[in-house]
Number of protein chains: 2
Amino acid sequence: MIEYADEASFLAHYNRREFDAPLLTVDPVLFTYHQAQLKVLLVKRSAYPERGLWGLPGGFVDMANDQNLEDTAQRKLQEKTGVSPPYLEQLYSFGSTTRDKRGWSVTVAYTALIAYQECAAHIETVSDAQWLPLEHLDDLSLAFDHRQIIDFARERLRQKALYSIVPAYALPEKFTLPELQHLHEVLLGKVLQKKSFRRRIEEAELLIDTGEKRSEGNGRPAALYRMKEGSGGYNFVRNLEE
Amino acid sequence: MIEYADEASFLAHYNRREFDAPLLTVDPVLFTYHQAQLKVLLVKRSAYPERGLWGLPGGFVDMANDQNLEDTAQRKLQEKTGVSPPYLEQLYSFGSTTRDKRGWSVTVAYTALIAYQECAAHIETVSDAQWLPLEHLDDLSLAFDHRQIIDFARERLRQKALYSIVPAYALPEKFTLPELQHLHEVLLGKVLQKKSFRRRIEEAELLIDTGEKRSEGNGRPAALYRMKEGSGGYNFVRNLEE
DNA sequence: TCTTTTTATTGTCTTTAAGACACTTAAAGA
DNA sequence: TCTTTAAGTGTCTTAAAGACAATAAAAAGA
């Protein structure tokens with residue numbers, strides 16, 4: 001699928017063809033956790049439509065190279081971040097006549113998580129992509145229905161924080177339990193009981209104590225954990241609070 | 001989008017056009033509960049491809065009339081059953097090069113529930129549609145990846161039976177708690193504790209006692225309940241067993 | 001070095017939800 | 001009336017979560 005610089009060139013092409021099917025895109029919502037904030041990766045759009053607005057790092061299916069929808073999501077993220085996120089899961093599909101001014105369109109949205117450090121360097125070199133804190137998003141005008149999609153992804157991630165440790169994929173390979181707990185607290189919008197939080201994680205046996213410690217400030221150093229492999233993105237711990 | 005009688009007529013059209021986007025369909029999985037069995041609505045395909053096989057009652061978006069994806073799902077179900085199901089929720093989108101022999105294709109699947117009586121009459125008049133018990137599906141060859149989609153929907157419905165009374169939408173407007181419990185037992189594949197089941201439903205306050213009774217066999221008659229309105233498809237009861 | 005401060009980690013009592021299972025109630029039929 | 005059948009309730013036990021105090025390990029300052 002072709003990108004158009006402006007409406008005129010889009011219409012020039014559009015009118016020559018039979019567009020009898022909706023436009024189809026894939027839009028990944030990539031989250032990370034950095035400086036005690038939840039952030040989302042957005043791209044400044046350089047082409048028609050919605051040119052100049054921030055939007056999700058998505059795009060059209062490459063029918064020659066993508067084998068399935070997840071391939072497309074993976075490829076778009078690779079283009080913007082230089083790496084493949086350790087967590088990628090389909091979120092929801094949004095389709096209507098109104099969400100894209102070009103007409104009937106459908107986007108298959110994905111939720112993805114990655115450690116900030118994992119791709120910070122690459123993102124700084126790719127000038128059009130940027131991590132934006134979710135709290136600051138209210139002031140921003142986003143392309144298409146991308147705000148709704150981000151809200152949807154955010155809500156789903158909140159749910160996951162209740163009964164899984166999926167959010168841990170937004171942390172570096174090795175992380176401490178206080179870090180993970182704080183991330184969950186940000187997602188849930190409330191403080192959690194230390195004891196309950198740790199009890200559940202311990203009983204679910206999803207983390208491995210690396211034996212290493214790390215002291216953030218002046219207090220007692222926290223133990224560093226890593227995710228047990230094979231859990232593969234679906235790390236259920238039953239209810240984590242609420 | 002056009003239907004083709006066979007491969008030749010499909011290719012004739014296909015070759016005259018620029019198909020530079022995946023085919024996009026919507027496929028609802030409509031369940032009901034009848035004679036102590038979970039059943040799914042399937043249609044015998046009369047057109048290319050997969051002609052002669054049973055498949056989901058889906059189809060292409062009608063860009064002139066459908067405002068969004070849910071409209072498409074609703075319309076296809078209306079065509080086959082004559083009514084709108086009280087429960088309709090997007091399930092998942094399946095997209096790959098391989099799922100349809102015509103090439104890259106995407107389907108947005110929906111889960112729907114309806115009472116058997118609600119549409120039994122209409123379905124008997126529409127010769128190509130039929131309720132098939134899920135247990136008998138193993139022997140059947142289904143079109144495309146429709147078996148996978150049904151399995152997916154079935155699994156999601158099982159999850160819902162754990163923490164909601166969404167399955168109640170597969171029952172008539174008025175139903176008894178033993179009926180609902182048995183439906184949940186079928187979905188979960190195990191017997192449930194009567195007391196726990198009823199306790200949760202009572203505490204969630206999602207049902208209204210109509211005051212009427214109905215006696216199935218010879219024992220004590222069961223109270224008839226109806227769903228409290230406004231719950232609108234998301235009737236959480238926390239964990240219902242397991 | 002000793003004490004204070006800070007943060008991580010654990011112990012344990014209370015509260016809440018779920019499971020098990022016996023008991024009561026209301027009908028049908030002999 | 002007595003038995004059978006299925007609906008509906010009481011209540012004890014078990015398991016999970018919440019609250020919160022206590023302990024442990026570090027840094028910083030006296």
Side-chain angles (χ1 to χ4, degrees), chain A residues 36 159-165 168 171 174-186 188-226 235-242, chain B residues 36 159-165 168 171 174-186 188-226 235-242:
Chain A
Q159 298 287 350
K160 298 237 183 246
L162 290 172
Y163 57 82
S164 81
I165 54 169
L171 298 176
K174 296 176 187 175
F175 56 88
T176 68
L177 289 189
E179 271 177 340
L180 181 59
Q181 179 174 343
H182 190 259
L183 167 52
H184 278 247
E185 289 175 340
V186 168
L188 297 172
K190 69 172 184 188
V191 294
L192 298 179
Q193 287 292 356
K194 216 171 7 177
K195 182 67 192 205
S196 309
F197 185 80
R198 303 173 75 102
R199 190 162 38 196
R200 289 214 233 181
I201 287 179
E202 172 156 29
E203 282 164 9
E205 297 181 61
L206 294 169
L207 297 184
I208 297 169
D209 188 337
T210 64
E212 303 167 69
K213 311 270 176 194
R214 182 172 59 202
S215 102
E216 271 317 321
N218 28 1
R220 174 175 174 175
L224 279 167
Y225 291 83
R226 85 155 57 84
N235 308 26
F236 289 101
V237 194
R238 281 192 96 75
N239 281 340
L240 277 172
E241 230 73 18
E242 176 166 80
Chain B
Q159 298 287 348
K160 299 238 184 244
L162 290 172
Y163 57 81
S164 81
I165 53 168
L171 298 177
K174 297 177 185 175
F175 55 89
T176 68
L177 290 189
E179 272 178 340
L180 181 59
Q181 179 174 343
H182 190 261
L183 168 52
H184 279 248
E185 288 174 342
V186 168
L188 297 171
K190 68 171 184 190
V191 295
L192 299 179
Q193 289 290 343
K194 210 173 13 174
K195 182 68 190 201
S196 308
F197 185 80
R198 304 174 74 103
R199 190 163 37 199
R200 289 214 233 183
I201 287 178
E202 172 157 29
E203 282 164 9
E205 297 182 62
L206 294 169
L207 297 184
I208 297 170
D209 188 337
T210 64
E212 302 168 69
K213 312 269 176 194
R214 181 172 60 204
S215 105
E216 270 320 319
N218 29 359
R220 174 175 176 174
L224 279 167
Y225 291 83
R226 85 156 54 86
N235 307 25
F236 289 102
V237 193
R238 281 192 98 73
N239 282 339
L240 278 173
E241 231 70 19
E242 177 165 84

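In what follows, every chain begins at residue 1, and chains take the letters A, B, ... in the order their sequences are listed.
Ranking dT6(C), dA7(D), dA26(D) by closeness to the Pro221(A) side chain, first place goes to dA26(D). Closest to the Asn218(A) side chain, of the nucleotides dA7(D), dT7(C), dA6(D), is dT7(C). The nucleotide whose nearest atom lies closest to any side-chain atom of Ala223(A) is, among dT9(C), dG19(C), dT9(D), dT9(C).
Heavy-atom distances to DNA chain C give each of Leu224(A) and Lys194(B) a nearest nucleotide, and the one nearer the 5′ end belongs to Leu224(A). Along DNA chain C, the nucleotide nearest to Arg220(A) and the one nearest to Lys195(A) differ in position, and the one closer to the 5' end is contacted by Arg220(A). Two residues, Lys213(A) and Glu203(A), neighbour DNA chain D, and the one matched to the more 5' nucleotide by heavy-atom proximity is Glu203(A).
Close to dA18(C), at under 4.0 Å from its OP1 or OP2, lies no side-chain N or O of Arg199(B). Under 4.0 angstrom from either OP1 or OP2 of dA27(C) there lies no side-chain N or O belonging to Ser215(B).
Here dT9(C) presents its P atom at 12 Å from CG of Leu207(A), a figure rounded to the nearest Å. Leu177(B) places its CG atom 9 Å from the P atom of dT9(D), with the value rounded to the nearest Å. Between Glu185(B) atom CD and dA6(D) atom C1' the separation is 14 Å, expressed in whole Å. The distance between atom CD of Gln181(B) and atom C1' of dG19(C), rounded to the nearest whole Å, is 13 Å. Protein atom CZ of Arg198(B) is 12 Å distant from nucleotide atom P of dG10(D), rounded to whole Å. Distance Gln193(A) CD to dT15(C) C1': 13 Å, rounded to the nearest Å. When the C1' atom of dC20(D) is taken as reference, atom CG of Leu192(A) falls 16 Å away, rounded to whole Å. Between the P atom of dA8(C) and the CG atom of Asp209(A) lies a distance of 15 Å, rounded to the nearest Å.
With a cut-off of 3.5 Å on both pairing distances, the Watson-Crick or G-U wobble partner of dA30(C) is dT1(D). Across every strand in view, dC20(D) sits in a pair with dG11(C) that passes the Watson-Crick or G-U test at under 3.5 angstrom.
The CG atom of Leu180(B) sits 10.0 Å away from the CD atom of Glu185(B) when rounded to the nearest 0.5 Å. Between atom CD1 of residue Ile201(A) and atom CD of residue Glu203(A) there is a gap of 11.0 Å, rounded to the nearest 0.5 Å. How far CD of Glu202(B) is from CG of Asp209(B): 10.0 Å, rounded to the nearest 0.5 Å.
Here the closest heavy-atom approach between residue Leu192(A) and residue His184(A) is recorded as CD1-CB, 3.9 Å. Contact detail for Leu224(B) and Lys213(B): the closest heavy-atom pair is CD1-O, 4.0 Å.
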